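What follows is one structure encoded as structure tokens, with my remarks underneath.
Since this is a predicted model, take the numbers as computed values, not measurements.
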Amino acid sequence: MAAGGGADGGAGGLGDTDAAALMTDDLLQRLAAEQAPEAIKAYGTQSGAQDGDVLLLRVDFQKILRIDNLWSFTNLRKLQLDNNMIEQIENLDSLVHLEWLDLSFNHIERIEGLDKLTKLKDLTLHHNHITSLENMEQLTNLDCFSVGENELEALEETSLYLRQFKHLRMITLAGNPLCKDSQYEPFVISHLPTIVYLDYRRIAPETREAASVRYQDQLEVIQIKEHEAQQQSKKQQAAAKEVELYQNACVGGMLGPEFYDSMLDQEVEKLFPIPGVVELLEDFRTKFQEQVDSVATTGLKRFEERQVEQQDFHSAVKEGVLYNTTEGSKLVNAFLHRKMEVFAEIQHMSKPEAIDVLAALQRDLEILKDQLMSLEIDLVAQLEETLQLFERSYAELVQGFTSEVQEFFSEMRTHEETFHDQMTDLCVGFLDKFAKGESEGPVEVPDTLLQLLRDKATLTGAINGYHDNHLLAIDTKETAITEAATGDLEKLATQFQEKESKRNRARVSEICNLESFQRDEIVRMIESLS
């Protein structure tokens, strides 16, 4: 863990914010070029290196006020932003491979904007204005954390927050107000059992043991609560995973009683006081749920079949690309071997002979480019054919699934129609007896039901309304499932075409760059003979 050394003048040590600079593309390009490895610098603008190739970047002591324009540095592993004037952690979401981040000696007041940096192992926020630890839950790989010389005051709150980082080995808190607590060191050591270094000092075994004994009772309570929270979290994660599975299988909302509960018009409850209504509704629920479960079970099974089809497709694509790459490498290696031989042979030739041999090598290079392009053209055609076969097979699977879904939903409608007819007969029969005062046994009729029993038209109108709402919900869910299944194929095809187009452009560019670089080397060799 490294913390940049601040110059005089407070956090950042860069004086008045009037001198603040912008984190522009030009600045980042200049710094990236200056810090590039010598092997890259040697080729200058001809190296082919892009922002996405940069792994390490230092933007320290630049008077930066705001983090910006890093979106293209997608493969950064290490980013140094210390000794600036940064006030907010932001615009880092694209740096998903970042493992090391130094934001020491800035003006940051709040920890935020780190959610996407899940691979981060080393985080330095030394010498800022941070008052509490927050928004770090996604940093599950955190190993080293420096937050010394900030404004943390709550010892217990800070220590308990840091317990979630199971890989944490080094923590620096020195220089915060909480360090003035007489129990600072034993409290932190006892509550953070994984740390090896505290404030740059290795923790002695006897110190750890003494701290653990001192806070044993408190730690037992904490561990029980953490265990309970962990179990609850596992249940929630499992439930969320199951919901996601159903969604991916195009049967979202069909898990358990979810669809039935959302489909049932809650106004039906007004009829519950009528004898037989509750029993009739329960019978309907049982039959209806059987069809819902059938949709869900079939959906999951067909989803597995579609996944197998996808895997076969991706394997075929991978195999085709691998063959193309292998054959292309053979051709390139053969040319490079021949080039080395030619460069060695011409040392013993006359100038005219050497020029002739190099001219022949140039023609070989043109042939190589044509061969590589032909391989790429053949691959594109092969992948297009593979996609067409996949689309046909996948469409057949989708069609089979949607046909089954339609049958199950047809049964749901049948059960709804039967339920509606039985409910109408039951309630109208009760209304006739109620109007004549012939109800069997005492029936408590609340005002909500009494309003529906004013006359037959009012009662049947309400029941028909429930029926219409149920049918609408059934139709809507069926449409959603079939559209999700059919749209899945379109989405997969689009994703593949976009990915393939990007691969093809990159490959063509790679071939052209190879040809250009090799041609320049041959030309330089010819010029050296003059």
Side-chain angles (χ1 to χ4, degrees), residues 1-13 80-89 100-112 114 120-137 139 142-223 225-226:
M1 174 168 49
D8 294 337
Q80 197 166 333
L81 293 169
D82 61 278
N83 288 282
N84 283 295
M85 301 177 180
I86 297 169
E87 298 178 344
Q88 183 178 359
I89 305 174
W100 192 99
L101 176 61
D102 188 352
L103 283 162
S104 58
F105 293 92
N106 279 289
H107 302 300
I108 298 167
E109 297 181 356
R110 186 167 183 260
I111 300 176
E112 58 187 334
L114 301 173
L120 201 63
K121 295 180 180 179
D122 193 314
L123 175 61
T124 301
L125 294 169
H126 191 84
H127 203 103
N128 279 282
H129 304 295
I130 296 167
T131 57
S132 65
L133 302 186
E134 57 184 333
N135 302 318
M136 296 172 58
E137 289 75 15
L139 308 185
L142 198 61
D143 177 82
C144 300
F145 181 41
S146 174
V147 69
E149 295 189 26
N150 275 278
E151 299 171 19
L152 299 173
E153 297 182 355
L155 175 60
E156 182 173 359
E157 177 185 315
T158 299
S159 300
L160 291 179
Y161 187 85
L162 289 170
R163 281 180 66 85
Q164 67 184 293
F165 303 109
K166 305 305 180 183
H167 300 289
L168 193 61
R169 297 293 180 269
M170 181 182 294
I171 177 70
T172 303
L173 296 166
N176 282 284
L178 58 80
C179 296
K180 297 177 181 178
D181 191 307
S182 60
Q183 302 304 313
Y184 161 66
E185 184 175 289
F187 192 90
V188 173
I189 292 173
S190 65
H191 284 71
L192 302 178
T194 64
I195 63 171
V196 179
Y197 294 90
L198 173 61
D199 297 334
Y200 303 109
R201 296 197 306 270
R202 189 178 183 87
I203 300 171
E206 56 271 19
T207 302
R208 188 187 304 278
E209 183 177 355
S212 299
V213 171
R214 175 180 297 185
Y215 293 99
Q216 182 177 358
D217 293 342
Q218 183 177 348
L219 287 170
E220 287 179 355
V221 174
I222 292 173
Q223 288 167 356
K225 290 182 178 179
E226 287 179 341

Is the number of heavy atoms from other residues, nucleotides or ligands within 6.0 Å of [atom1] ([X]) greater than 12?
{"X": "Gln88", "atom1": "CD", "value": "yes"}
{"X": "Gln218", "atom1": "CD", "value": "yes"}
{"X": "Lys166", "atom1": "NZ", "value": "yes"}

Taking the side chain as everything from C-beta on, heavy atoms only, tell me whether [X] gets closer than 4.5 Å to [Y].
{"X": "Leu173", "Y": "Tyr184", "result": "yes"}
{"X": "Leu198", "Y": "Leu192", "result": "no"}
{"X": "Pro177", "Y": "Glu153", "result": "yes"}
{"X": "Leu155", "Y": "Val188", "result": "yes"}
{"X": "Glu185", "Y": "Cys179", "result": "no"}
{"X": "Leu178", "Y": "Phe187", "result": "no"}

Under 3.5 Å, is there a donor-acceptor pair between the side chain of [X] and the main chain of [Y]?
{"X": "Thr194", "Y": "Leu168", "answer": "yes"}
{"X": "Asn176", "Y": "Glu151", "answer": "yes"}
{"X": "Asn150", "Y": "Leu125", "answer": "yes"}
{"X": "Tyr161", "Y": "Met136", "answer": "yes"}
{"X": "Asn84", "Y": "Asp82", "answer": "yes"}

From [atom1] ([X]) to [atom2] ([Y]), nearest 0.5 Å:
{"X": "Ser190", "Y": "Gln216", "atom1": "OG", "atom2": "CD", "value": "11.0 Å"}
{"X": "Asn83", "Y": "Leu103", "atom1": "CG", "atom2": "CG", "value": "11.0 Å"}
{"X": "Lys121", "Y": "Arg169", "atom1": "NZ", "atom2": "CZ", "value": "12.0 Å"}
{"X": "Leu133", "Y": "Glu157", "atom1": "CG", "atom2": "CD", "value": "8.0 Å"}
{"X": "Thr207", "Y": "Arg202", "atom1": "OG1", "atom2": "CZ", "value": "12.0 Å"}
{"X": "Ile89", "Y": "Asn135", "atom1": "CD1", "atom2": "CG", "value": "9.0 Å"}

Closest non-hydrogen atom pair, [X] against [Y]:
{"X": "Ala211", "Y": "Pro186", "value": "CB-O, 3.4 Å"}
{"X": "Phe165", "Y": "Leu142", "value": "CD2-CB, 4.3 Å"}
{"X": "Arg208", "Y": "Ile203", "value": "NH2-CB, 3.8 Å"}
{"X": "Asn128", "Y": "Asn106", "value": "OD1-C, 2.9 Å"}

Q) Please walk me through it: do Glu87 and His107 pass side-chain hydrogen bond (donor to acceptor under 3.5 Å, both in side chains)? A) CA-CA 5 Å; Glu87 298 178 344; His107 302 300; over 6 Å; no
Q | Aromatic ring pairing Tyr215/His191, orientation class (parallel under 30°, perpendicular over 60°, tilted between) | A |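 Rings of Tyr215 and His191: perpendicular, as their planes differ by over 60°.
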Q: Verify side chain to side chain contact (heavy atoms under 4.5 Å, CB included) between Leu162 and Ile195, making sure each step is shown before the conclusion.
A: CA-CA 10 Å; Leu162 289 170; Ile195 63 171; over 6 Å; no
